[in-house]
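Reviewing the structure listed below.
Only a predicted model underlies this, so the values are computations on that prediction, with no experimental measurement involved. Quick note on labels: first sequence line is chain A, next is B, and so on, each numbered from 1.
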2 protein chains.
Amino acid sequence: MLRLSKRVEYGLMAVLHMDQADEGAWTTAAELAATYQIPAELLGKVLQALGRAGILKSAHGAKGGYQLARPMDELVLCDVLEAIEGPFRLVRCQEEPHSCDQYEVCSIREPVLDIQQQLLEYLGGFELKAFRLKKRKINKRQENLCTTN
Amino acid sequence: MLRLSKRVEYGLMAVLHMDQADEGAWTTAAELAATYQIPAELLGKVLQALGRAGILKSAHGAKGGYQLARPMDELVLCDVLEAIEGPFRLVRCQEEPHSCDQYEVCSIREPVLDIQQQLLEYLGGFELKAFRLKKRKINKRQENLCTTN
DNA sequence: ATCAATCCCGACCTTTTTTGTCCTAATTTC
DNA sequence: GAAATTAGGACAAAAAAGGTCGGGATTGAT
């Protein structure tokens, strides 16, 4: 269905939240869960995945929590996506050929892989800093209106 | 998981097959199912969906079957995708706001919708005729090699 | 040293989605 | 009328996603 998973949504909210937190502050999973009404254990796993991927730093113990390992400006949608769901694949046959009953007779594998490749590059263009800017978006709309007129 | 569904894969194979069939010939679901080892009833539904979307024409009865309603050159990936799965949506909250527990506190809705919009336009650029051309793809690879060197 | 807050992570359950099957029409050709 | 075919509803099975639970490890505070 080509839909963003809840886990990716949670991850995006978390990253955005930490971007807007005070410099050097630690955000806890519980705090995020409460703020965004996300099941805490599930959010925990998402944050762990982001940690393993090097997007977040984590600190154990009381006064611990998470913070961005790098500024959000250096992140793109795809980073969060792949951190949480693993490598982006439009089809499964790439890694598990025998999981597909049509593998031997498939007529679309190559072109689809081609598309996957292009899409992956395109996804690399969505910068997370765009999630920050509400004002610029309004400007953008006005620009669009102008070009449409 | 952002993966193409089996049904879309089947739809693509079917369209490609009919593109390569003789002009005006009718292809039956059973024939396609046998050729590509696809469960016949399921393929049937996919073809029906493509029919409803105006991508295929169908003919009942013996000697019936399916054929392209328009040349494949005029089709893009997105046409098949949306014919089979309905409108492309990265998130569900657009059509069913109350299906999302985070709706009221969501911090990413607008930017995600923005991305969805861009992605949709980008998907409109994948022409199905690219599925036909194996030779051009080889040339393309060589070009890439040249520019990389 | 203990305790509470916190991250880590595996096991598991539940719900939703996807995939596949079955069966019964309706339509067309012969 | 019989055979081949599309149309489509109902449902079962499998897979994926979403969510819960519980135990362990680490850290800071008392």
*Among all residues two or more places apart in sequence or in another chain, which pass the side chain to side chain contact (heavy atoms under 4.5 Å, CB included) test with B:Pro97?*
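So B:Pro97 forms a side chain to side chain contact (heavy atoms under 4.5 Å, CB included) with B:Tyr103.
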*Under the side chain to side chain contact (heavy atoms under 4.5 Å, CB included) test, residues paired with B:Ala49 that sit two or more places apart*: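 B:Ala49 satisfies side chain to side chain contact (heavy atoms under 4.5 Å, CB included) with B:Arg52 only.
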Mind checking what makes salt bridge (Lys or Arg N to Asp or Glu O under 4.0 Å) contact with [X], not counting sequence neighbours?
X: A:Glu31; value: none
X: A:Lys57; value: none
X: B:Arg89; value: B:Glu95

_side-chain hydrogen bond (donor to acceptor under 3.5 Å, both in side chains) partners of A:Thr27, counting only residues at least two apart_ =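 Once residues adjacent in sequence are excluded, A:Thr27 has no partner under the side-chain hydrogen bond (donor to acceptor under 3.5 Å, both in side chains) criterion.
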_Listed partners of B:Gln20 passing side-chain hydrogen bond (donor to acceptor under 3.5 Å, both in side chains), at least two apart_ =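 Residues passing side-chain hydrogen bond (donor to acceptor under 3.5 Å, both in side chains) with B:Gln20: none at all.
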_Strictly under 4.0 angstrom, non-hydrogen atoms only: write out the protein contact profile of nucleotides 21-26 of chain D, one letter per nucleotide from the 5' end, B, S or -._
B----B
List the atom pairs, with distances to 0.1 Å, where a side-chain N or O of residues 72-82 of chain B and a protein N or O form a donor-acceptor pair under 3.5 Å, not counting sequence neighbours.
residue, atom, partner, partner atom, Å
B:Asp73, OD1, B:Arg132, NH2, 3.4
B:Asp73, OD2, B:Arg132, NH2, 2.9
B:Asp79, OD2, B:Val76, N, 2.9
B:Glu82, OE2, B:Phe88, N, 2.7

*When all nucleic acid strands are considered with a 4.0 Å heavy-atom cut-off, which category describes B:Gly65: base, sugar-phosphate, or nothing?*
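Counting heavy atoms under 4.0 Å across all strands, the contact made by B:Gly65 is with sugar-phosphate only.
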*Does anything in residues 24-40 of chain A reach DNA chain D, meaning a heavy atom under 4.0 Å, and if so which residues?*
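The answer is A:Pro39.
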*Is there a residue in residues 9-21 of chain B whose heavy atoms reach under 4.0 Å of DNA chain D, and which residues are they?*
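Nucleic-acid contacts, sorted: none.
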Identify all side-chain donor-acceptor contacts of residues 11-18 of chain A below 3.5 Å with residues at least two apart in sequence or on another chain.
residue, atom, partner, partner atom, Å
A:His17, ND1, A:Tyr36, OH, 2.7

